[in-house]
Amino acid sequence: MPGETVAERRRKVLVGELPPHFLRLAVPVLPQHAEPEVVQPRLVSFVPPNTRGRLSVTILEANLVKNYGLVRMDPYCRVRVGNVAFDTNVAANAGRSPTWNRTLNAYLPTNVESIYIQIFDEKAFGPDEVIAWAHIMLPLPIFNGDNIDEYFQLSGQQGEGKEGMIHLHFSFAPIELPLEQGGAPQAAQQPAPVPL
């Protein structure tokens, strides 16, 4: 309606009292003598499909070979588990020996056998710089319930496995879906919508 004038648009506007139901929600009225219905809280937890279990990775510390830059580095660590990435806090002025002591919990997708770690130097002006990285295969004993506390080699500008070491702690908890009456795993139930 490109040729419509202001006067024509005003004639289409509803003028006068608004109906009583305009922009109001219908609230059910309970009788005075009726007891309120007791609703039991239901714990709803969402587990993504194709999940092996919950992986806990604690990034304790790193020992780096070189301090890149003119001042002490402010390193932080990024851990990638499947398609999800987690960042630790920044170890301010930690230089070559940052300590994070941060535990990350992630759902481990099926067919994922490794994690990818990058250590960045946070820059005040400009993009953060990648200092070191590691592609770590998950230790097999964690899938049997063992906790693994180990140092892993880091790669970087110095070369493959020559940038330093990172100290990690791994644990794994398998996820078991509740069983239906027939013995098959129960499908994830969506919570019922609440009527307004």
Side-chain angles (χ1 to χ4, degrees), residues 41-178 185 188:
R42 198 172 72 175
L43 294 174
V44 178
S45 63
F46 173 74
V47 177
N50 300 323
T51 300
R52 289 172 73 175
R54 194 186 76 180
L55 177 69
S56 292
V57 181
T58 303
I59 299 114
L60 298 166
E61 62 183 339
N63 295 317
L64 303 170
V65 173
K66 187 175 176 185
N67 185 38
Y68 295 99
L70 301 173
V71 296
R72 291 175 63 100
M73 295 186 295
D74 300 325
Y76 67 93
C77 191
R78 177 170 294 155
V79 179
R80 187 172 301 276
V81 179
N83 294 330
V84 182
F86 301 93
D87 287 351
T88 65
N89 53 327
V90 174
N93 286 330
R96 297 183 337 178
S97 301
T99 301
W100 295 289
N101 200 18
R102 168 90 191 271
T103 300
L104 308 170
N105 295 308
Y107 288 117
L108 184 65
T110 53
N111 301 327
V112 172
E113 305 287 330
S114 62
I115 63 171
Y116 187 69
I117 294 182
Q118 293 176 301
I119 298 177
F120 289 86
D121 180 15
E122 184 182 55
K123 301 289 187 184
F125 306 105
D128 296 346
E129 179 184 354
V130 178
I131 302 167
W133 59 86
H135 184 239
I136 299 171
M137 298 302 290
L138 293 174
L140 293 178
I142 66 169
F143 299 113
N144 298 329
D146 294 342
N147 292 332
I148 301 295
D149 191 38
E150 214 173 301
Y151 283 87
F152 296 91
Q153 292 184 339
L154 295 168
S155 301
Q157 292 180 8
Q158 300 294 319
E160 185 74 26
K162 296 181 181 177
E163 195 63 50
M165 304 284 278
I166 188 163
H167 187 191
L168 301 176
H169 179 85
F170 290 101
S171 64
F172 179 78
I175 293 179
E176 299 193 18
L177 296 174

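Being a predicted model, the structure only gives us computed values, none of them experimental. Each residue takes its place number in the sequence, starting with 1.
At least one donor-acceptor pair under 3.5 Å links the side chain of R72 to the backbone N or O of A94. Side-chain atoms of Q158 never come within 3.5 Å of backbone atoms of E163 as a donor-acceptor pair (strictly under, hydrogens ignored). Listed for the N147 side chain is no donor-acceptor partner under 3.5 Å among the backbone atoms of H169.
Here the shortest heavy-atom pairing between L64 and G95 reads CD1-O, 4.2 Å. Here the closest non-hydrogen pair linking A62 and W100 is CB-CZ3, 3.8 Å. Across all their heavy atoms, Q153 and M165 have their closest contact at CG-SD, 3.6 Å. Of all non-hydrogen atoms in T88 and R102, the two that sit nearest each other are CA-NH1, 3.5 Å. Of all the heavy atoms in G164 and V65, the pair that sits closest is N-CG2, 3.7 Å. Shortest non-hydrogen contact noted between S56 and N105 is OG-OD1, 2.5 Å.
Using a 4.5 Å heavy-atom threshold, the side chains of D74 and N93 count as touching. Side-chain atoms of V57 and I117, non-hydrogen and from C-beta on, never get closer than 4.5 Å to each other. Under the 4.5 Å side-chain criterion, counting only non-hydrogen atoms from C-beta, L108 is in contact with F172. Between E61 and Y151, some side-chain heavy-atom pair lies under the 4.5 Å cut-off. Looking at heavy atoms from C-beta onward, I119 lies out of side-chain contact with P98 at the 4.5 angstrom threshold. In this structure the side chain of D128 reaches within 4.5 angstrom of the side chain of Y76, judged on heavy atoms.
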Next on the checklist: The test is side-chain contact (heavy atoms from CB on, under 4.5 Å); show your working for T51 and T110 and say whether it passes.
Outcome noted: CA-CA 5 Å; T51 300; T110 53; over 6 Å; no
Item to check | Worked check of side-chain contact (heavy atoms from CB on, under 4.5 Å) between Y107 and I175 | outcome: CA-CA 9 Å; Y107 288 117; I175 293 179; 3.3 Å; yes
Checklist entry - Do L55 and I115 pass the side-chain contact (heavy atoms from CB on, under 4.5 Å) test, and can you show the C-alpha distance, the side-chain angles, and the key distance before you say yes or no? => result CA-CA 10 Å; L55 177 69; I115 63 171; 4.2 Å; yes
Item to check | Steps toward side-chain contact (heavy atoms from CB on, under 4.5 Å) verdict (R52, F143) | outcome: CA-CA 10 Å; R52 289 172 73 175; F143 299 113; 3.3 Å; yes
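Ring-plane geometry between F170 and F152 is classed as perpendicular, the angle between the planes exceeding 60 degrees on a 0 to 90 degree scale with a lower cut at 30.
For NZ of K162, the number of neighbouring non-hydrogen atoms (other residues, nucleotides, ligands) closer than 6.0 Å is 12 at most. Other residues, nucleotides and ligands contribute only 12 or fewer heavy atoms inside 6.0 Å of the CZ atom of R54. Applying the 6.0 Å contact sphere to CG of N111 captures no more than 12 heavy atoms from other residues, nucleotides or ligands.
Note: S114 OG to R80 CZ = 11.5 Å, rounded to the nearest 0.5 Å.
When each of T99, D149, N63 is paired with H167, the side chain to side chain donor-acceptor pair (under 3.5 Å) condition holds for D149 and for no other.
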